[in-house]
Protein chains: 2
Amino acid sequence: MQDSPTQTTLQSTIEEAIVSGILSARIRPGTRLSENQLAGLFDVSRTRVREAMMRLESRCIVHVSPRRGWFVVEPSAEEAMMVYGARRAIESGLLRGMRVLSDAGRAAIRDHLAEEKAEMTAGNRQRLTCLMGDFHIRIAELAENPVLTEILRDLTARTILISMLYQSDFHALQSHLGHCRIAEAMEDGNFERAAELSIEHLDEVEMGLDLTRRPDPLSELRNSLSLPPKAFPSPSGGTLIQTDPIYKPFKTKGK
Amino acid sequence: MQDSPTQTTLQSTIEEAIVSGILSARIRPGTRLSENQLAGLFDVSRTRVREAMMRLESRCIVHVSPRRGWFVVEPSAEEAMMVYGARRAIESGLLRGMRVLSDAGRAAIRDHLAEEKAEMTAGNRQRLTCLMGDFHIRIAELAENPVLTEILRDLTARTILISMLYQSDFHALQSHLGHCRIAEAMEDGNFERAAELSIEHLDEVEMGLDLTRRPDPLSELRNSLSLPPKAFPSPSGGTLIQTDPIYKPFKTKGK
DNA sequence: CTGTTCTCTCTTGTATGCAAGACAGCCCGA
DNA sequence: TCGGGCTGTCTTGCATACAAGAGAGAACAG
């Protein structure tokens, strides 16, 4: 009766594009996603764009303000804490439940850490944000449980949005070291220790956030003036969706 | 910018109705959900029904077979194991991360266990299935983390579908005792023990499934003949959505 | 009786059209 | 100079129309 045995949730192209845009920190929280623009970009009608948006909304990645538009979520401080809390519970539970680390898994982790290290010297913040999130997805993949992986992928997307909002300065080295410690414990086969370390790591990252800061109340103004976002250099170009001002200047009284 | 601080995912009425129908074991896996019928029932157009379906699909609760219809998912054996694996990781991680059990929480658990006990003597299997699932949602609520609660609610829904498919006989007493043990450990403040017990409990339940059995390959035929499902008495009535045969008899050459 | 083809009706897939609301800018009065 | 209403243009919300595919049943050939 089921079409595919594993039933991997097939996403629409639009959905994938937006999620991967967030996971790679190319799309900022609060970005407006216009149905018409997306429909044009992907050459489909608004109907299918809306379907993608509905799905993204149920994954808490996108949010609609009635008759104003769709926006990438800007998690509140409270929500940020919840997301970190959830990740602590899930990732630690996942690690503690592991029994063996396969050779392939060991290799994947090593490769990932090497990449983190390499990219740290390059210092590309956007790329680093993406990598730091990816580590946790890699870990989830080790458990070979697509259900968990999918859950953690969405939480990672939200985490990346959170760090774009609240992370004043980026402790890449600290994160990297945290990841190394977790990996070490895993290589030792000490998954209980790895679980504890993952909690510590997530605590550290959460502590590094400035949750008192309002999520950039000036972002709208900033966008309207076409200024670059606060702590980020303006993207080099080629972004799928630019963070446009909400309302572009009208054709001054065209007819 | 955000409309609500906690941003609780607001579901459409249709979505809620279907999920709650599953959580209360009134809707069986494989049930066809016709867009037209739902549109009629809720007095809206197909558009809104489809939106609800899209959201449910992204939550792995519903599944579309192209141009045949929407169906409540029938998780495969493999998927069933993944769901249980995910629940083990998440629920144990959640419990192990708890620090205190509030008085309100203690009361909620006690009330729930009492209700389980009461309903066991009554022996209403449908109601019991619902209660047994609810226990885990109650636990999630104790952590006061809506993100986790939502994740576990969806996993619980899928679990209920799984048990409707694979649970040959219903070990309500066994489940109830497992819940009692977990609650006891929590009341003692021994959350580590509670976490271990939750893993054991989920293992037990999973072991109680007959995953070798194909998910009722005759269900379609059975429905077409309007026979009651295998081990369940036919619902007393008042169900929101009846498990209709896929194709009702046509008006014999109406025109 | 059995298998094949055809037709007809149902289903979802997708685009489109219209309505209602939100906001920017204008105009005007104080 | 400032504030309040008006208007126009954008947005999403929602219903509807039509296209395309899937399957049941009828008709028919062997």
Side-chain angles (χ1 to χ4, degrees), chain A residues 1 3 10-15 30-58 62-73 219-221 223-226 241 243-255, chain B residues 1-3 10-15 30-58 62-72 219-221 223-226 241 243-255:
Chain A
M1 174 89 30
D3 288 346
L10 61 137
Q11 310 181 336
S12 73
T13 315
I14 304 175
E15 212 177 339
T31 302
R32 200 171 97 86
L33 300 171
S34 151
E35 290 184 4
N36 275 325
Q37 284 181 20
L38 288 173
L41 278 172
F42 289 91
D43 196 39
V44 293
S45 79
R46 274 181 53 219
T47 307
R48 304 195 47 190
V49 175
R50 277 182 72 79
E51 289 177 355
M53 288 306 168
M54 295 289 167
R55 283 191 286 252
L56 286 173
E57 187 182 36
S58 82
V62 134
H63 145 267
V64 65
S65 176
R67 298 197 199 267
R68 279 187 5 101
W70 294 91
F71 299 87
V72 175
V73 293
S219 71
E220 205 162 327
L221 174 59
N223 277 334
S224 306
L225 300 174
S226 298
I241 295 148
T243 62
D244 267 339
I246 291 197
Y247 288 98
K248 285 170 294 190
F250 295 126
K251 304 179 279 294
T252 54
K253 190 113 178 205
K255 156 63 194 306
Chain B
M1 175 89 29
Q2 222 72 307
D3 288 344
L10 61 135
Q11 311 179 335
S12 73
T13 316
I14 305 173
E15 213 178 337
T31 303
R32 198 171 98 86
L33 301 170
S34 151
E35 290 184 4
N36 274 325
Q37 284 181 22
L38 288 173
L41 277 171
F42 288 92
D43 196 39
V44 292
S45 80
R46 273 181 56 220
T47 307
R48 301 193 52 187
V49 175
R50 276 183 71 80
E51 289 177 354
M53 288 305 172
M54 296 288 166
R55 282 191 287 252
L56 286 173
E57 189 182 36
S58 81
V62 135
H63 147 265
V64 66
S65 175
R67 301 201 194 262
R68 281 186 6 101
W70 294 91
F71 299 87
V72 175
S219 70
E220 204 162 328
L221 174 60
N223 277 333
S224 306
L225 300 172
S226 297
I241 294 148
T243 63
D244 267 337
I246 288 198
Y247 289 98
K248 285 171 292 191
F250 295 126
K251 305 180 279 294
T252 54
K253 190 115 180 201
K255 154 67 197 298

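Below, chain A is the first sequence line, B the second, and so on; all start at residue 1. Computed from a prediction, not measured in an experiment: that's the story for all the values here. Only this structure's heavy atoms are used, side chains among them; waters, hydrogens and symmetry mates stay out.
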Separation of atom [atom1] in [X] from atom [atom2] in [N], rounded to whole Å:
X: A:Asp43; N: C:dT16; atom1: CG; atom2: P; value: 11 Å
X: B:Arg48; N: D:dT16; atom1: CZ; atom2: P; value: 13 Å
X: A:Trp70; N: D:dC10; atom1: CH2; atom2: C1'; value: 17 Å
X: B:Met54; N: C:dG13; atom1: CE; atom2: C1'; value: 9 Å
X: B:Arg50; N: D:dT16; atom1: CZ; atom2: P; value: 16 Å
X: A:Arg32; N: C:dA22; atom1: CZ; atom2: C1'; value: 11 Å
X: A:Glu57; N: D:dT12; atom1: CD; atom2: P; value: 13 Å
X: B:Arg67; N: C:dC8; atom1: CZ; atom2: P; value: 20 Å

* Is a donor on one side and an acceptor on the other found under 3.5 Å between the side chain of A:Ser34 and the backbone of A:Gln37? -> yes

* Under 4.0 Å between any heavy atoms, over every strand shown, what does B:Arg46 touch: base, sugar-phosphate, or nothing? Just pick one. => base

* Asked: Can you tell which of A:Val64, A:Val62, A:Val72 makes a side chain to side chain contact (heavy atoms under 4.5 Å, CB included) with A:Leu56?
  -> A:Val62

* Asked: Taking only residues two or more places apart in sequence, or in another chain, which ones meet B:Arg48 in a side chain to side chain donor-acceptor pair (under 3.5 Å)?
  -> none

* **Qualifying residues under side chain to side chain donor-acceptor pair (under 3.5 Å), relative to B:Glu51, sequence neighbours excluded** => A:Arg50

Please determine whether a side-chain nitrogen or oxygen atom of [X] lies at a distance below 4.0 Å from atom OP1 or OP2 of [N].
X: A:Asn36; N: D:dT11; result: yes
X: B:Thr47; N: D:dC14; result: no
X: B:Arg68; N: D:dA22; result: no

